[in-house]
Amino acid sequence: MSSKRRTLVILGASGDLTARLLLPGLGQFLTDRPHMDIELIGVGSEPMTSAEWRKRVTSSFKAGGADPAVVSSVIEASKYFDADATSADDLARILAACDGTPALYFALPPAVTERVCATLSTMKLPAGIVLALEKPFGTDLKSAQALNRLLAKFVSEKQIHRVDHFLGKSTVLNLLGLRFANRLFEHSWNASNIDRVEISYDEQLGLENRAGYYDNAGALIDMIQSHLLQVLAVVAMEPPSTLDSDDLRGSMAQALRATRVWDGKPAAFTRRARYTAGTIGGEHLDAYAKQPGVDPSRKTETLAEITLAVDNWRWAGVPFVLRSGKALADNRKDIVITFKQVPHLPTGLTGTDAPAQLRISLDPHVMHLDLNINGEGDPFSLDKVTLSATFADSAMGAYGEVLEGILTADPTLSVRGDVAEECWRIVGPVITAWRKDQVPLDTYPAGSSGPRSWKRLPS
Ligand code: BG6
C-alpha cells in the first residue's frame, strides 16, 4: 500500500447519486488538486465490467467539467466490483484491492448503511480508514444515536464524515468571511439589532422519480433536518477561534444545542403542504399524490416551514424561519436577515422606512444589502437602495469540497456525531405533531408560491 495514496471506494456506485453528484465532484477535485494521488473503486449490486464502469466515470467526470488530461490516469486505473457490501467476505476482498488508505463512501440508503457498518465493526480494518456517510444519518434520534454508538466501536469520530453537501456550498463558506471579517456585520449580529432570520430553499424541481426515498422523508427531513439546520448553525454560531474541525464544529454544535421549536409549540409554529397538479415553466406536473411510488395516505409534505428559537443571549426573541419545498414558482434559495427598525426616525424624514435587510442567496451566489437613503429630488424623502455583490465561485462544486475533506481526512466540513443527533432532537416534536395530525396538510398547485392561505413575510 502506498503511504500517501488514498483509495475512494464508492459503495452504491451504480446509483444515481454517484453518477449525478459524486463523480462530477470527484472530477472537479482531481482537476483542482492534480498532485493528489487518488485511486477510485466502484462497488455496486448491478453487474458491470470495469470497462463499463470506466465509461460511466468518464462521462460523469466530463459532466462535472474535469480536465481530461488530469483525470485520465485515475479513470484508466479504476476498477468496479459487483459485490454485496453487507458481506464480510466481499468487504475484505474490496479492502484488499485498495492500493491506498481507503475512504469508504456510503452512497446507500440508511438501512443498508447500518448493515454495512455492523459488518465492518466485526472486521480488522486498515489504519487510517475513513467512512463517509450520506444523509439522512439515521431515521430519527434513536436510530442516529444507535448508529453513532456502533461507529464509535470501531472508528474514531475524526474518521467519520457525515456528509452534508450544503457545508460545501461556497455561499455557506462565504458566510464565515462575511460575518467574521467585517466588523460592520458581526457587531450588529444579535437580537438587539436583528428582527428575524429566514432561511428558504424553494425549488422548482418536483419529485424527479425519487418516491422510494422522498415519500418516506418529505421536505422536513429531506431539507430542514439536515441542510437548513446546518446553515442556521453557521448563521447563529459564536465566532470560532479557528476554522479547524474542533473549533468550527464546536461553535455550530453549541448553536444547535440552544435551538428548539418556537415556544415549544410545533402545532402553532410549523406548517406543511403538498403540491397538487400544476404547471412549471410551461410543463404540466401531476399532483404529488398521483406520482408513481407515492402512497398518499403517508401524508408526505412537499413544502415545510418551521419557526425556531435559538435560546441564548445573542438570539433571545429572534425567530428563525426555515422553509423548503418542491414544485414551487421560483427557485428562491436564500438567507434573509431583517434588521430592526431604527429606535427613532427624526421627524421630517419621510418616504420608505422599511428596515434594512441583508439577503444572501445560496444560488446564484450573490448578496444584497437594502438600505434607506435620500431619494431623488428631496433629500429628506427616503428611498430604498440595494448594494449588491457577487461571491466568487469556488473552483469546485459542493461535492468537490466535501470530497476534498474526505480524501484529505479533514472532517471540518462534515457533520459531527452529536450535531447529527441534535438535528433530529430539534425536528422530533414537529414529526410527532404532524403524525398526530395536529397541523393540517395544506395544498398548493405546482408552480405556485405555496398555499394561498400562507402569508409570507415580505422581503
Ligand atoms: C438534496 C435533497 O440533498 O438536496 C434534494 O435530497 C434537493 O431533494 C437537493 O433537491 C438540493 O440541493 P442542491 O445543491 O441540488 O440545490
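Read the numbers this way: they start at 1 and go in the same order the structure lists the ligands and their atoms.
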>> Going by side chain to side chain contact (heavy atoms under 4.5 Å, CB included), name the residues that satisfy it together with T432, two or more places apart in sequence or in a different chain.
In response: K436

> Can you name the residues that come within less than 4.0 Å of ligand 1, going by heavy atoms only?
Replying inline: K135, H165, F166, K169, Y201, E203, R210, D222, M223, H227, K326

>> Cation-pi check for F166 against K169: NZ or CZ below 6.0 Å from the six-membered ring centre and within 45 degrees of the axis, yes or no?
In response: yes

>> Using a 6.0 Å distance limit plus a 45 degree cone around the ring axis, check whether R179 lies over the aromatic ring of F185.
In response: no

>> So, using side chain to side chain contact (heavy atoms under 4.5 Å, CB included) as the criterion, who are the partners of L205 when residues are at least two apart?
In response: E203, E208

>> What verdict does the side chain to side chain donor-acceptor pair (under 3.5 Å) test give for N148 and R162, after you've listed the backbone C-alpha separation in whole Å, the side-chain angles of each residue and the deciding distance to 0.1 Å?
In response: CA-CA 11 Å; N148 274 336; R162 295 172 195 79; 2.8 Å; yes

Distance-only check: which donor-acceptor pairs under 3.5 Å involve side-chain atoms of residues 222-231, not counting sequence neighbours?
residue, atom, partner, partner atom, Å
D222, OD1, K135, NZ, 2.9
D222, OD1, Y213, OH, 2.5
S226, OG, D222, O, 3.2
H227, ND1, D164, OD1, 2.7
H227, ND1, D164, OD2, 3.3

